[in-house]
Chemist: 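My questions will all concern the structure given below.
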Amino acid sequence: TVDGMRRVNYYVKHVLVKADGTFADALECVSGTGDPTLVSHPTVALLADCLWTGVVVRQFISSRMWNVFSLGVFIMAQEVWPSWNVPEQHHYNWMIFCGRVFNYSVGMGRLATFHLYRIWVWCRNTMRRIIKEIDTDGNGEIDYEEMKEALQKFKETVSEEVKKAIRALKEEGPGVDEAKKAIANREKNMYNIISFSLLVLLGVMLSHEPMFWCSDAEKWPTEYCDVTGEPGSPTDLKYRYSIFAMCAMAVHWLILIDLAVFSTEISAFLLVCGHVLAEVKQFLMALTFLLFAFGSTISIWCTDCPTMGGDFGDMPNAVISLFAITVGLYQGDFRQFQENALLLALVTTFVSISVVLLLNLLVAQLNRSYEYIYTDMLGFARLNRASLLVDAMESCSRVRWRRFVKSLDFEKRLEFDEGDLGLSGGIASAEPASKHIQTREAIRRYGGTTSGDAPWPITQEDSNRNEDGEEADQLDEMEELVNKIARRVNQLTLDAPSAAAALGGSSKLSQDMSSMSGEDESQTE
């Protein structure tokens, strides 16, 4: 070791590169298992980090930085510049118009290209796999009938994928393996859902854009005309546009969550938050049931109740009042219900069930859910990054891939120790000497000739091997010897009473024979 660090060689060439030089599918298989322990193995972790820093990180930054830039332009065009706009300064309208055109053309166009490209890549890979299965002779050519069969299989595959997605939304309580895979792929799937939602919102905003509807106005570009209304009195079109713009702003911020993949710790934290939200959803469903049940019940009877303790005159106000009491927004107390004992009893029952029972049950469920994912938190984050790497490698160009493989220099022989050349096909690294303690030397060294025709030397370890070729452990042999001795002692212990009984019987017989002989002698005398 040097300064507490030791040399480590990871031989990952054939895990990373196929024989034909293309990207191997080992990482895809590992991420498909959904096992956080497997992906946390040092070899797999090094492989993922190597791909991330060497190939994917630049591509990822270039694609995700567009989201940051689009968010900045969206904020300026929807909030900042409109607040600065005054009738005397018409150039602000041009700035707003240019910003919104950028969001519709570049922002929405980039998202549409992203999703269309993903669809095209999936269709291309699926058709290649189907054609490879059909082309049994391997000549790379298929006739008309085989093409019809391939299209039919492709149609069935698309139908199965759609049914699988619908089934995943309907089914509840998946198994442990399915749950782990869902946790691992949740962040990637969430980004796809959020980006598609943003694409739809921008499309709806484009159809409601006030500046396009006011194109006939005298002072165009402007967002106020007869179609959209004046400031302070907007029409339905302008009101709907403001709602869609508000939702698009929120989705623009949510899409930035994908930047957490740069840090495994932050990504693990987000995965934990997303995992425990399922428990919050169940709590909200139970609370909603209670709110409507007690709200509808109280409003039927309490039509003329005073509103000092809450408005329970109709069902909507009763539900809102009960919800305010639950979350602590209502500042009253039970003394305002003293004049009506039945209303006090109903509200007390509701508070006991919602606050005392449901809230404490929510805390217990959150603790249990957190304990389930905490042990493998970083492993799930690495699984999420591995799935992103697999998707990114599908769009990696051959030139970039070959340049990356060449930079690894797999043909260079690595040193086992300083001046001790070993095998090629690996990546040299260093790790703390106390991280993975090895009590036995993994490299066997022999003296003498290095000729391939010479017999393999026989060592003491080889002589200790058993019939199956496995190395016998001396401690196991000693344990087996002790077990044999213990079994022998137990057998002797069990046989001792019978032996003692047999010995006692023979002594008594000798005594009887002696007494009989004495009696005969006395009679003779």
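All values below come from the heavy atoms of this structure, side chains included, with hydrogens, waters and symmetry mates left out. Numbers for residues simply follow the sequence, beginning at 1.
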Chemist: If I compare all heavy atoms of Ala245 with all of Gln78, which pair ends up nearest, and what's the gap?
Modeler: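 Closest approach of Ala245 to Gln78, heavy atoms only: CB-OE1, 3.9 Å.
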
Chemist: Testing the basics here: between Val355 and Asn360, what is the closest heavy-atom pair and its distance to 0.1 Å?
Modeler: O-ND2, 3.6 Å

Chemist: Give me the atom names and distance for the closest heavy-atom approach of Tyr10 to Thr43.
Modeler: CD2-OG1, 3.8 Å

Chemist: Name the residue from Trp213, Phe244, Tyr241, Tyr104 that meets the ring pair (Phe, Tyr, Trp, His ring centres under 6.0 Å) definition with His208.
Modeler: Phe244

Chemist: Do the side chains of Phe283 and Leu359 get nearer than 4.5 Å, heavy atoms only?
Modeler: yes

Chemist: Go through it in stages, so that I can follow the logic: the residues are Trp253 and Ile75, the test is side-chain contact (heavy atoms from CB on, under 4.5 Å), and I'd like the CA-CA distance, side-chain angles, deciding distance and then a yes or no.
Modeler: CA-CA 11 Å; Trp253 283 103; Ile75 293 175; 3.8 Å; yes

Chemist: What's the separation between atom NE2 in His41 and atom CG in Leu47, rounded to the nearest 0.5 Å?
Modeler: 12.0 Å

Chemist: If you compare all heavy atoms of Met315 against all heavy atoms of Ser299, which two are closest, and at what distance to 0.1 Å?
Modeler: N-CB, 3.6 Å

Chemist: So Phe410 and Leu16, do their side chains get closer than 4.5 Å, heavy atoms only?
Modeler: yes

Chemist: Can you tell whether the side chains of Glu279 and Arg368 come within less than 4.0 Å, N to carboxylate O?
Modeler: no

Chemist: Does any part of the side chain of Thr222, heavy atoms only, come nearer than 4.5 Å to the side chain of Met211, both counted from C-beta?
Modeler: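 The answer is no; the side chains never approach within 4.5 Å.
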
Chemist: Any Lys/Arg nitrogen of Lys18 or Asp25 sitting under 4.0 Å from an Asp/Glu carboxylate oxygen of the other?
Modeler: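 Looking at Lys18 and Asp25, the cut-off is not met.
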
Chemist: So which atom in Val73 and which in Gly99 form the shortest heavy-atom distance, rounded to 0.1 Å?
Modeler: CG1-O, 3.6 Å

Chemist: Yes or no on side-chain contact (heavy atoms from CB on, under 4.5 Å) for Arg382 and Asp49, after CA distance, side-chain angles and deciding distance?
Modeler: CA-CA 10 Å; Arg382 289 187 177 276; Asp49 294 339; 3.8 Å; yes

Chemist: side-chain contact (heavy atoms from CB on, under 4.5 Å) between Leu201 and Val251: does it pass, once the steps are laid out?
Modeler: CA-CA 9 Å; Leu201 286 173; Val251 176; 3.8 Å; yes

Chemist: Does a side-chain heavy-atom distance below 4.5 Å link Leu38 with Leu383?
Modeler: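 Of all side-chain heavy-atom pairs linking Leu383 with Leu38, none is under 4.5 Å.
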
Chemist: Which residues satisfy the ring pair (Phe, Tyr, Trp, His ring centres under 6.0 Å) test with Phe102, sequence neighbours excluded?
Modeler: Phe69

Chemist: What's the separation between atom CG in Leu277 and atom CG in Leu366, rounded to the nearest 0.5 Å?
Modeler: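 Going from CG on Leu277 over to CG on Leu366, the span is 9.0 Å.
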
Chemist: What pair of heavy atoms forms the shortest contact from Pro36 to Val39, and how long is it?
Modeler: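 Taking every non-hydrogen atom into account, O-CG1, 3.4 Å.
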
Chemist: Please say whether more than 12 non-hydrogen atoms of neighbouring residues, nucleotides or ligands are located less than 6.0 Å from CD in Gln282.
Modeler: yes

Chemist: Drop me the distance from Asn67's CG to Ile255's CD1, to the nearest 0.5 angstrom.
Modeler: 4.5 Å

Chemist: Under 4.5 Å between any side-chain heavy atoms of Thr126 and Lys153, yes or no?
Modeler: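 Side-chain contact under 4.5 Å: no.
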
Chemist: Determine whether a donor-acceptor pair (N or O, by modelled atom type, separation under 3.5 Å) exists between the side chain of Trp81 and the backbone of Phe97.
Modeler: no

Chemist: Under 6.0 Å from the CH2 atom of Trp122, do we count more than 12 heavy atoms belonging to anything else shown?
Modeler: yes

Chemist: Should Val17 and Trp401 count as side-chain neighbours, where that means a heavy-atom distance under 4.5 Å?
Modeler: yes

Chemist: Output the distance between atom CG (Leu254) and atom CE (Met249), rounded to the nearest 0.5 Å.
Modeler: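 Interatomic distance, Leu254 CG to Met249 CE, rounded to 0.5 Å: 12.5 Å.
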
Chemist: With a 4.5 Å cut-off on side-chain heavy atoms, are Ile96 and Pro82 touching?
Modeler: yes

Chemist: Do the non-hydrogen side-chain atoms of Arg118 and Phe114 ever get within less than 4.5 Å of each other?
Modeler: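 A side-chain contact under 4.5 Å exists here.
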
Chemist: Enter the distance from Arg400:CZ to Met393:CE here, rounded to the nearest 0.5 Å.
Modeler: 9.0 Å

Chemist: Pair Trp52, Leu388 - check side-chain contact (heavy atoms from CB on, under 4.5 Å), show working.
Modeler: CA-CA 9 Å; Trp52 173 256; Leu388 290 176; 5.7 Å; no

Chemist: How long is the span from the OG atom in Ser397 to the CZ atom in Arg402, to the nearest 0.5 Å?
Modeler: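 Nearest 0.5 Å value for the OG-CZ distance: 10.0 Å.
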
Chemist: Is it the case that atom NE2 in His115 sees more than 12 heavy atoms from other parts of the structure closer than 6.0 Å?
Modeler: yes

